[in-house]
Amino acid sequence: MKASLVLRRRFEVDAASFAELVIWSLPQPVPPSEHPFKYRMVLIHKGERVLGFDNERGKGDYRHDGAFETPYQFQTVEQLVADFLTAIERWKAAR
């Protein structure tokens with residue numbers, strides 16, 4: 001079984017910002033993640049990453065808030081997308 005694209009979406013958040021979401025379903029997890037998804041979600045503002053969710057081999061699931069990186073508890077693809085969109089809304093409200 002090959003990897004299959006689950007979601008690819010890019011949208012404008014405001015005149016200076018955009019978000020991009022990409023999720024793949026994999027035949028096996030990317031260690032140490034225990035789920036079979038590879039993902040990257042990013043919010044770019046004026047050319048700089050201000051928010052990001054992703055998983056990486058050897059690192060697992062985590063998120064970026066500005067310069068800070070914290071673990072992320074993956075539950076489902078739907079929850080991942082909801083959490084990312086909520087984080088965008090919080091970022092917008094804090095500006």
Side-chain angles (χ1 to χ4, degrees):
M1 178 177 160
K2 293 183 176 182
S4 61
L5 186 63
V6 174
L7 174 72
R8 176 171 283 160
R9 183 171 175 219
R10 181 178 171 143
F11 61 92
E12 185 176 288
V13 173
D14 60 34
S17 310
F18 70 90
E20 185 173 43
L21 299 77
V22 180
I23 304 172
W24 291 88
S25 177
L26 306 175
Q28 296 180 10
V30 175
S33 296
E34 296 180 0
H35 55 81
F37 299 99
K38 175 69 178 136
Y39 61 89
R40 62 180 168 78
M41 300 181 175
V42 65
L43 173 63
I44 303 293
H45 177 69
K46 295 183 179 178
E48 300 287 328
R49 179 186 64 199
V50 295
L51 180 65
F53 286 43
D54 59 66
N55 63 334
E56 183 177 312
R57 183 172 299 278
K59 240 179 163 177
D61 304 282
Y62 60 99
R63 64 181 279 173
H64 301 268
D65 292 288
F68 298 100
E69 190 175 291
T70 56
Y72 173 75
Q73 183 63 47
F74 180 92
Q75 296 173 29
T76 65
V77 167
E78 295 79 13
Q79 188 63 53
L80 171 66
V81 172
D83 290 346
F84 182 66
L85 295 177
T86 297
I88 290 174
E89 291 305 316
R90 288 184 180 148
W91 174 82
K92 286 169 45 179
R95 288 186 27 215

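Reckoned from all heavy atoms, side chains included, excluding hydrogens, waters and symmetry mates.
Both V6 and Y39 are part of a single hydrophobic cluster, where members link through side-chain heavy atoms under 4.5 Å apart. V22 and V42 are not part of a single hydrophobic cluster, where members link through side-chain heavy atoms under 4.5 Å apart. Tracing side-chain contacts under 4.5 Å through hydrophobic residues (I, L, V, M, F, W, Y), one reaches I23 starting from Y72; they form part of the same cluster.
To the nearest 0.5 Å, atoms CZ (F18) and CD (E12) are separated by 10.5 Å. To the nearest 0.5 angstrom, W24 atom CH2 is 11.0 Å from K2 atom NZ. To the nearest 0.5 Å, atoms CG (D83) and CD (E78) are separated by 11.5 Å. Interatomic distance, CG of L80 versus CD of Q73, reported as 12.0 Å (0.5 Å rounding). Atom CG of N55 sits about 10.0 Å away from atom CE of M41, to the nearest 0.5 Å. Atoms OG and CG, from S25 and L7 in turn, are 12.5 Å apart once rounded to the nearest 0.5 Å.
Between E89 and T86, every side-chain heavy-atom pair lies at or beyond the 4.5 Å cut-off. The side-chain heavy atoms of V77 and H35, taken from C-beta on, include no pair separated by under 4.5 Å.
In terms of heavy atoms, P32 sits closest to G60 at CD-N, 3.3 Å. In this structure, D61 and S33 approach most closely via the heavy-atom pair OD2-OG, 3.2 Å. Across all non-hydrogen atoms, the minimal contact from A3 to L26 is CB-CD2, 3.7 Å.
Counting non-hydrogen atoms of other residues, nucleotides and ligands closer than 6.0 Å to CZ of F11 gives a total above 12.
A salt bridge links R40 to E20: one of the charged nitrogens lies within less than 4.0 Å of a carboxylate oxygen.
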Problem set entry | Test salt bridge (Lys or Arg N to Asp or Glu O under 4.0 Å) applied to R95 and D14, step by step | CA-CA 12 Å; R95 288 186 27 215; D14 60 34; 2.7 Å; yes

For this session: Test salt bridge (Lys or Arg N to Asp or Glu O under 4.0 Å) on K38 and E56 and set out the steps.
Result: CA-CA 8 Å; K38 175 69 178 136; E56 183 177 312; over 6 Å; no

Donor-acceptor contacts under 3.5 Å from residues 43-54 side chains, at least two apart:
{"residue": "H45", "atom": "ND1", "partner": "S17", "partner atom": "OG", "Å": "2.6"}
{"residue": "R49", "atom": "NH2", "partner": "H64", "partner atom": "ND1", "Å": "3.3"}
{"residue": "D54", "atom": "OD1", "partner": "Y62", "partner atom": "OH", "Å": "2.7"}

